[in-house]
Amino acid sequence: MRELSRKVTGIAASATIEISNLARQMERSGIPVISLSIGEPDFDTPQHIKDACIAALDAGETHYAPSNGIPELLNAVSDKVNRENHFSCSPDQVMVTCGAKDAIYDAMEAVINPGDEVIILDPAWVSYEPCVQVAGGKPVHHPLSDKTFQVDDSILDRITPRTKMVVINSPSNPSGAVLDRASMRLLADMCSDYDLFALSDEIYEKLIYGYEHISPASIGDMAERTITVNGFSKAYAMTGWRLGYAIAPLPILRQMSKIQQHSISHPTTFAMYGGVAAITGDQSCVEMMKGEFRRRRDYLVEELKISGFEVAPADGAFYAYVRVEGDDMVIARRWLDKAHVAVTPGSAFHSPGWERISYATSMDNLREAILRIRRCR
Ligand code: PMP
Ligand code: GLU
């Protein structure tokens, strides 16, 4: 066979997806694995959202739609952003995508030229680096303090004449840290001083326990240089719907739209009606799920600390990021093989020496997982 694309053969597969596939395989072969590896709410999608999608199907919404998304959803996102995120967003600055992941991919393709450098704050979610690489860019990793997980002046050492963009993800997957106003201000000043773009992944914005969510685009001139990415997977338990969105200044959004037109056209038409119901409907479902995640977080973090583990802030998202002694890959493998508990090693997030434990699972599973991990240490 002739050589395949080097830019694709050169990137890693998604560790989060590979490990959860492996856990599923083990389960299918009869091994009682507790999978704490993938970040996926264990709740069902709220009924009113499913009903809106079913009604759309029944009403014949089974055809092509406008490529950026149905107007009802563009309006709903724009209203939500103006109301909750404190920056100005018109419906034509919104593009609905197949999940936040698709929005991130489109954003990188639209902004990056070969050799452009993109600063990624570590620990970082698994898909930022490959998206930068596929777009021809060069990922530049900047490790955050492993105590506070906030940004300080040392990030300025990463700037070169080729720096084009910084990726911001608060609340963070995998650390659960929420960036404070000082960190956001520093990032905003840096973007302004060096004329950088920012990609802000806010997929966990609704899952914050006692802190405020700050959208970078609400600070200084950041709305002119920020692509804000969000979606329905985490807040509304809609992972399988593959629905997300991007908000960007018009010149950037126009380029992103072209990629969408030439690749997926748009997300599934009737699914978008579910998205409208999610944003405009009763939000008590989000509060209920958040309350449950918080209860699990409190339990898990406490038990991990009692077991002698150091745990990262865990102020948002649904991950406990736990420091381990030894090789995190070997330890994750041992927990999987011996304790039948699947977690994701920190190496997947460019921060060896940690394990990411997802608490988007039942309390019973968490109780059992803690017992098994303790026995296996
Ligand atoms: N960003 C982060 C930080 C995530 O954890 C995820 C989870 N898959 C995504 C983006 C992508 O979410 P979606 O399901 O909307 O593609
Ligand atoms: N974001 C989730 C995780 O980190 C889902 C898997 C993925 O898309 O990476 O586990």
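Order of appearance sets the numbers: ligands from 1, and atoms from 1 within every ligand. All values derive from a computational prediction rather than experimental measurement.
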Query raised in the report: Under 4.5 Å between side-chain heavy atoms, hopping through other hydrophobics if needed: is there a path connecting I112 to L253?
Result: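 Yes: a chain of side-chain contacts under 4.5 Å links I112 to L253.
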Query - Heavy atom of the protein closest to atom 9 (O) of ligand 2 (residue, atom name, distance) - result: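 The protein heavy atom lying closest is T16 OG1, 2.7 Å.
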Query raised in the report: Does ligand 2 have any atom sitting under 4.0 Å from a heavy atom of K234?
Result: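 Distance cut 4.0 Å: K234 passes for ligand 2.
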Report task. Can you label the angle between the W125 ring and the Y128 ring as parallel, tilted or perpendicular, going by 30° and 60°? Result ->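 Because their plane-to-plane angle is over 60°, the rings of W125 and Y128 count as perpendicular.
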**Report entry** Set of side chain to side chain contact (heavy atoms under 4.5 Å, CB included) partners for S265, sequence neighbours left out
**Finding:**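 Scan of S265 (side chain to side chain contact (heavy atoms under 4.5 Å, CB included), adjacent residues dropped) gives none.
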Query - Short N or O distance, N173 and ligand 2, threshold 3.5 Å exclusive - result: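 So ligand 2 has an N or O lying under 3.5 Å from an N or O of N173.
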Query raised in the report: Judging by distance only, is a nitrogen or oxygen of G39 under 3.5 angstrom from one on ligand 2?
Result: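 Min N/O separation from ligand 2 is below 3.5 Å for G39.
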Specify side chain, backbone, both or neither for [X], according to which of its non-hydrogen atoms lie closer than 4.0 Å to ligand 2.
| X | answer |
| --- | --- |
| Y319 | side chain |
| K101 | side chain |
| E18 | neither |

**Report entry** Salt-bridge present (K138, D116; N to O < 4.0 Å)
**Finding:**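 Looking at D116 together with K138, the answer is no, because their closest N to O distance does not fall below 4.0 Å.
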Query raised in the report: Hey, are E109 and K258 close enough for a salt bridge, meaning a charged N less than 4.0 Å from a carboxylate O?
Result: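 Here E109 does not pair with K258 in a salt bridge, since their nearest N and O are not under 4.0 Å apart.
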Just by distance, with hydrogens left out, do [X] and [Y] show a side-chain donor and acceptor under 3.5 Å apart?
| X | Y | result |
| --- | --- | --- |
| D328 | S347 | yes |
| E202 | S215 | yes |
| Q261 | S67 | no |

Query raised in the report: Sub-3.5 Å donor-acceptor pair from the side chain of K164 to the main-chain atoms of V111, do we have one?
Result: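 The answer is yes, because a donor-acceptor pair under 3.5 Å joins these two groups.
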Query raised in the report: What's the spacing between N230 CG and I279 CD1 if we round to 0.5 Å?
Result: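 Here the rounded value is 8.0 Å.
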Query raised in the report: Relative to atom 5 (C) of ligand 2, which among I38, V126, T239 owns the nearest non-hydrogen atom?
Result: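 Looking at heavy atoms only, the winner is I38.
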Close N/O pairs between ligand 1 and protein, under 3.5 Å:
{"residue": "ligand 1", "atom": "1 (N)", "partner": "D201", "partner atom": "OD2", "Å": "2.5"}
{"residue": "ligand 1", "atom": "5 (O)", "partner": "N173", "partner atom": "ND2", "Å": "2.7"}
{"residue": "ligand 1", "atom": "5 (O)", "partner": "Y204", "partner atom": "OH", "Å": "2.7"}
{"residue": "ligand 1", "atom": "8 (N)", "partner": "K234", "partner atom": "NZ", "Å": "3.4"}
{"residue": "ligand 1", "atom": "14 (O)", "partner": "S233", "partner atom": "OG", "Å": "2.7"}
{"residue": "ligand 1", "atom": "14 (O)", "partner": "R242", "partner atom": "NH1", "Å": "2.8"}
{"residue": "ligand 1", "atom": "15 (O)", "partner": "A100", "partner atom": "N", "Å": "2.7"}
{"residue": "ligand 1", "atom": "15 (O)", "partner": "S233", "partner atom": "OG", "Å": "3.3"}
{"residue": "ligand 1", "atom": "16 (O)", "partner": "A100", "partner atom": "N", "Å": "3.1"}
{"residue": "ligand 1", "atom": "16 (O)", "partner": "K101", "partner atom": "N", "Å": "3.1"}
{"residue": "ligand 1", "atom": "16 (O)", "partner": "R242", "partner atom": "NH2", "Å": "2.8"}

